[in-house]
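Just below is one structure, and these are the notes that go with it.
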Amino acid sequence: MPLSADHHPFVELNAEESAVLERVRQLVTEEIGPKANSVGREDKFAWDTFRLLSREGLIANGFPREYGGIAATMMLRARIVEELARACSAAAAMLVGTDGSASAIIVAGSKELQREVLPRLASGERQCAFALTEPHAGSDLGNLKTIARPVEGGVRITGVKKFITRANVSDYFVVIAREPNSPPGTRHLLSYLVDRKSAGLTVSDDVPKLGWYGLPIAGLRFEDVFVPPERQLGERGVGMTIAQDLLLRARISHAAIALGRMTAALQIATQYTSRRQVKGQPISDHQGVQWMIADMGARIEAVRCTVYAAARRYDRGDADVALHGSIAKMLATDLSMKVSIDCLQLLGANGYLKEYPLERFVRDAKFNQIGEGTSEIHKNIIGAALTKIAAGMPLHPCLDIDPAVFAA
Ligand SMILES: Cc1cc2nc3c(=O)[nH]c(=O)nc-3n(C[C@H](O)[C@H](O)[C@H](O)COP(=O)(O)OP(=O)(O)OC[C@H]3O[C@@H](n4cnc5c(N)ncnc54)[C@H](O)[C@@H]3O)c2cc1C
């Protein structure tokens with residue numbers, strides 16, 4: 001149903017998973033929700049929220065059990081993230097960020113490295129950020145310029161990374177770099193786990209931004225930073241494969257964040273308009289308002305199915321999950337922007353105030369459309385994939401027209 005995920009036919013959780021989710025909902029009601037507006041007022045790392053999520057064993061729910069996680073499925077993760085995002089984007093994104101950066105270590109790190117780093121990330125004692133974007137390579141990852149130069153006993157990394165979430169509170173960075181003199185493109189990328197204390201690595205001050213408060217961003221500068229071979233994640237050339245799985249997980253999770261936010265925005269706007277009276281009548285009695293609520297609710301429900309279906313496809317290991325991840329990410333984040341701003345409108349001037357959550361939702365919704373691949377980039381991915389799929393299908397039976405039409 002549009003206002004919650006209760007009894008959704010796509011969501012099947014076992015007893016342990018249901019108990020985890022129930023605990024998350026309790027935390028949102030009792031702790032995270034009441035503090036979310038103050039987290040959203042100042043762009044400082046939300047330590048209280050982070051410590052709570054770590055203490056509750058949620059921050060690293062996707063980790064294997066031996067390293068302090070519960071090996072959560074993508075479906076459970078999507079549901080947890082959605083529930084957190086109903087109140088606080090930062091809380092939800094802390095889980096996504098921890099999972100994203102650590103999944104590279106889980107997939108491609110040595111056993112020793114996993115044993116050294118993962119339990120500390122799971123307990124919240126340490127943090128790890130993901131450093132991919134550069135000043136001239138955000139959407140265009142083929143243009144990455146950070147170089148990992150082979151030297152005796154390891155590599156030396158030189159380059160600049162931009163917009164890195166949690167950079168100033170992280171102890172490690174998963175860094176994507178390229179081989180020297182490699183041709184443009186993503187085939188020659190390498191992935192490393194770099195210690196924050198490494199000589200030659202500097203982190204800028206936090207960079208002011210519009211929203212997504214509680215999770216500041218900063219830039220990184222690598223000047224001949226030495227990295228030993230045991231910190232390389234995966235073999236030569238698999239850097240992009242690692243980044244792609246990590247980005248896919250993050251994309252489905254960002255779709256779930258958007259879903260949680262817009263579901264909450266609709267709940268808030270509906271509850272507000274049914275109580276707020278103008279000329280002695282609740283605003284929600286007006287057909288114009290009812291239609292807005294109906295439009296938003298119907299579209300949210302359609303997107304909910306798309307997001308859960310993408311999570312299920314990930315858990316099943318479907319070959320076309322990347323396409324469905326892009327569809328879910330684009331639809332959910334674009335709709336979340338529209339729903340957030342329309343719900344703000346329904347609250348009138350109160351919607352514009354910091355006292356109410358909708359101005360925060362609007363600021364956070366905007367980043368959802370930019371991070372983990374912009375909506376435009378996902379359109380490119382979806383368009384290219386569908387064109388390829390259609391080319392491999394038999395010609396539609398109604399398209400029995402003169403072949404000359406297709407001639408060059
Ligand atoms: C708050 C925040 C947190 C972030 N956290 C991280 C992080 O932790 N780690 C990290 O590595 N990065 C992070 N990023 C970076 C983020 O992932 C990139 O900003 C994003 O991928 C977009 O890249 P860009 O800013 O370079 O935009 P550009 O690539 O410069 O794009 C600018 C505009 O052009 C459009 N565009 C570009 N190419 C095309 C095309 N081919 N077709 C149509 N339109 C196109 C884009 O959609 C966009 O609207 C963060 C950014 C922000 C703002």
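Counting convention: from 1, in listed order, for ligands and their atoms alike.
With hydrogens and angles ignored, the 3.5 Å screen pairs no side-chain donor or acceptor of H136 with any backbone N or O of L144.
Looking only at heavy atoms of the protein, atom 25 (O) of ligand 1 is closest to F163 CE1, 4.0 Å. Among all non-hydrogen protein atoms, the one lying nearest atom 20 (C) of ligand 1 is I370 O, 3.6 Å. For atom 53 (C) of ligand 1, the nearest protein heavy atom (residue, atom name, distance) is F367 CE1, 3.5 Å. Of the protein's non-hydrogen atoms, T374 CG2, 3.9 Å is the one closest to atom 22 (C) of ligand 1. Taking atom 49 (O) of ligand 1 as the reference point, the nearest protein heavy-atom neighbour is E376 OE1, 3.5 Å. The protein heavy-atom contact nearest to atom 27 (O) of ligand 1 is S139 OG, 4.0 Å. Here the protein heavy atom with the shortest distance to atom 3 (C) of ligand 1 is T165 OG1, 3.2 Å. Annotation: atom 26 (O) of ligand 1 to nearest protein heavy atom, G138 CA, 3.2 Å.
For ligand 1 and I164, the ligand atoms under 4.0 Å from any heavy atom of the residue are 7 (C), 8 (O), 9 (N), 10 (C), 11 (O). When each atom of ligand 1 is checked for a heavy atom of I217 under 4.0 Å away, the hits are 1 (C), 2 (C), 3 (C). Short contacts between ligand 1 and I377, defined as distances under 4.0 Å to a heavy atom of the residue, involve ligand atoms 38 (N), 39 (C), 40 (C). For ligand 1, the atoms sitting less than 4.0 Å from at least one non-hydrogen atom of K209 are 1 (C), numbered in the order shown with element in parentheses.
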- Query: Can K366 and V362 be said to form a side chain to side chain contact (heavy atoms under 4.5 Å, CB included), step by step?
  - Reply: CA-CA 6 Å; K366 192 66 221 160; V362 167; over 6 Å; no
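For the residue pair R196/Y172, the side-chain donor-acceptor check at 3.5 Å is not satisfied. No side-chain N or O of R221 forms a donor-acceptor pair with one of T202 less than 3.5 Å apart. Checked by atom type, the side-chain pair N368/H254 shows a donor-acceptor distance below 3.5 Å. With no hydrogens or angles considered, a side-chain donor-acceptor pair links D334 and Q369 at under 3.5 Å. Remark: the Y308 side chain and the R304 side chain contain an N/O donor-acceptor pair separated by less than 3.5 Å. The closest side-chain donor-acceptor pair between N350 and Y272 falls under 3.5 angstrom. For the 3.5 Å distance criterion, the side chains of E301 and H8 qualify, holding a donor opposite an acceptor.
In terms of polar-atom proximity, L132 is counted as a contact of ligand 1, with an N or O under 3.5 Å from an N or O of the ligand.
Within the 4.0 Å cut-off (strictly below), a protein heavy atom is located near atom 8 (O) of ligand 1. Per-atom contact check: atom 32 (C) of ligand 1 does not touch the protein, criterion being a heavy-atom distance below 4.0 Å. In this structure, atom 35 (C) of ligand 1 is not in close contact with the protein, since no protein heavy atom lies within 4.0 Å of it.
Proximity annotation for atom 17 (O) of ligand 1: of D140, D43, T133, T133 comes nearest, heavy atoms only.
Only the side chain of N380 comes within 4.0 Å of ligand 1, counting heavy atoms alone; its backbone N, CA, C and O stay farther away.
Only one option out of L353, L358, I268 pairs with L344 in a side chain to side chain contact (heavy atoms under 4.5 Å, CB included); it is L358.
A cation-pi geometry, defined here as NZ or CZ lying under 6.0 Å from the six-membered ring centre and within 45° of its normal, does not hold between R41 and Y213.
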